[in-house]
Engineer: 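I am attaching a structure below and will ask some questions about it afterwards.
Every value quoted in this text rests on a predicted model; they were computed, and no experiment measured them. In what follows, residues are counted from 1 in the order of the sequence shown.
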Amino acid sequence: MSIAVRHITKTFGRFAALRDVSLEVAAGELVALLGPSGSGKTTLLRIISGLDQPDASPDSEIRFHEERVEGQAVGQRQVGFVFQHYALFRHMTVFENIAFGLRVRPRKERPSNQEISRRVRELLHLIQLENLESRYPGQLSGGQRQRVALARALAIEPRVLLLDEPFGALDAKVRQELRRWLRRLHDELHVTSILVTHDQEEALEVADRIVVMNEGRIEQEGTPEEVFHQPKTEFVINFLGNVNLFHGRVEQDGVRVGPLLLPNNHVAGVSGQVARAFIRPYDVEVHRDKSLAALPARVLRVQSAGPTVRLELLSNSGDSILAEMSHDKYRKLNVRKEEEVFVSVRDARTFMDDYVI
């Protein structure tokens, strides 16, 4: 079931939550709407579900597999919705929570009790909670409650599955486990799904495609690899992980930042044009070899707990620099706090100002 959203605008008083947003989701695709609070991602999700309505416009439309649905109520759209805080019925068992959407269908559409039981037990097996069907939500862990919420959404066999920050209320380890589980589940079911999140790592790990939103607009969309390694705007590169910012100017062979001549594979400007270079910490090369082409810096802090080692540096010009390297490389480098090192850069993403100096 494909989804097409075209020219959607939504305002609340003077605040524009969405500004002429258009988006397409292919059948069976899992798309993440990624962005900070207030970027419009949850508003877009609620409009797709029918919980909210867009501003009236002759150009706006929402289609599920070419069928226009913007005039349909929530129940008619056959959407499964999973909320951040589970929204389970506390007085109902796990079994009855999952069965709820089937039991409240109109009599003519309601499955038999035998069919409801079969469907619920099938979903209990799918979410790996077969032995907990008689428990109440208060007797479950946060991760278990969220799996029940997902099973309840799937019980109605939705055309589209919408997830609004589904793991936001969970601790880091449970979030990590559940997002891997969700990815495996999606690969098995192939339900067209849209996931709202502000967690960059979650979006990069789970989604087939990422839509980065900011201030009610789509900044960029593409595969996780595309949006991370080929960011089109400064907002995208800043939002997706740690980054160092350097100010420089364009030269014939690249961008000059003090003694550094940054790689020119992303440079498109005229000589003398003011530029801002964004550099990922893992693209910062730290060494002891003094060179006219390297930036002198002092080690402020070493963070060695974790899969990589991070060095916080301060350049002679007063710029803060974050570098990241393997533990093996750090042992070979063998630097300590307050020691002098030299910095060069493997790769940079550069954006230009409109003026020349």
Engineer: Hydrogens and angles aside, do T9 and D55 bring a side-chain donor and acceptor to less than 3.5 Å of each other?
Structural biologist: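 No - no donor-acceptor pair under 3.5 Å links their side chains.
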
Engineer: Output yes when R119 and E115 qualify as a salt bridge under the 4.0 Å nitrogen-oxygen rule, no when they do not.
Structural biologist: no

Engineer: If we only count heavy atoms from C-beta on, is the V206 to H186 side-chain gap below 4.5 Å?
Structural biologist: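 No; the side chains remain at least 4.5 Å from each other.
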
Engineer: Only one of V191, L189, L195 passes side chain to side chain contact (heavy atoms under 4.5 Å, CB included) with S193; say which it is.
Structural biologist: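 Between S193 and the candidates, side chain to side chain contact (heavy atoms under 4.5 Å, CB included) is satisfied uniquely by V191.
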
Engineer: Could you go step by step and tell me if R135 and E133 meet the salt bridge (charged side-chain N to carboxylate O under 4.0 Å, His left out) rule?
Structural biologist: CA-CA 6 Å; R135 291 195 183 181; E133 65 176 68; over 6 Å; no

Engineer: I'd like to know if K329 pairs up with E285 as an ion pair, taking the criterion as any Lys NZ or Arg NE/NH1/NH2 lying under 4.0 Å from an Asp or Glu carboxylate oxygen.
Structural biologist: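 E285 and K329: salt-bridged.
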
Engineer: Is any side-chain heavy atom of F167 closer than 4.5 Å to a side-chain heavy atom of L182?
Structural biologist: yes

Engineer: Under 4.0 Å between a side-chain nitrogen and a carboxylate oxygen: does that hold for R276 and E234?
Structural biologist: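 Salt bridge: yes.
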
Engineer: Taking side-chain hydrogen bond (donor to acceptor under 3.5 Å, both in side chains) as the test, write out the residues that go with E157, two or more places apart.
Structural biologist: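 With neighbours one apart ignored, the set is empty.
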
Engineer: In sequence, state the C-alpha distance, the side-chain angles, and the governing distance for R209 and E221, and then conclude on salt bridge (charged side-chain N to carboxylate O under 4.0 Å, His left out).
Structural biologist: CA-CA 7 Å; R209 192 158 52 90; E221 56 182 293; 2.6 Å; yes

Engineer: Applying side-chain hydrogen bond (donor to acceptor under 3.5 Å, both in side chains), name anything that partners E96, two or more places apart in sequence or on another chain.
Structural biologist: R103

Engineer: Would you confirm whether Y330, through its side chain, and T308, through its main-chain N or O, come within 3.5 Å as a donor-acceptor pair?
Structural biologist: no

Engineer: Please determine whether a side-chain nitrogen of the Lys or Arg among R217 and E219 lies less than 4.0 Å from a carboxylate oxygen of the Asp or Glu.
Structural biologist: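 Salt bridge absent between R217 and E219.
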
Engineer: According to salt bridge (charged side-chain N to carboxylate O under 4.0 Å, His left out), does anything in residues 287-316 pair up with another residue at least two apart or in another chain? List the pairs.
Structural biologist: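 Pairs touching residues 287-316 that pass the test: R288-E339, R298-E338, R301-E312, R310-E324.
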
Engineer: Going by distance alone, is a donor N or O of one side chain under 3.5 Å from an acceptor N or O of the other, for T197 and D199?
Structural biologist: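 Side chains of T197 and D199: no pair found under 3.5 Å.
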
Engineer: Under 30°, 30 to 60°, or over 60°: which ring-plane class applies to F89 and H91, parallel, tilted or perpendicular?
Structural biologist: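 It falls in the perpendicular class, over 60°.
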
Engineer: Does a side-chain heavy-atom distance below 4.5 Å link K332 with D328?
Structural biologist: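 Contact flag for K332/D328 side chains = yes.
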
Engineer: Check R183, R179, Q200 against E205 for a side chain to side chain donor-acceptor pair (under 3.5 Å) and give me the one that passes.
Structural biologist: R179

Engineer: Do D187 and R184 have side chains that get closer than 4.5 Å, going by heavy atoms?
Structural biologist: no

Engineer: Honestly, is R280 close enough over F228, meaning NZ or CZ under 6.0 Å from the six-membered ring centre and within 45° of the axis?
Structural biologist: yes

Engineer: Do the charged groups of R118 and E122 touch, with an N to O distance under 4.0 Å?
Structural biologist: yes

Engineer: Between R175 and E201, does any NZ, NE, NH1 or NH2 come within less than 4.0 Å of an OD or OE carboxylate oxygen?
Structural biologist: no

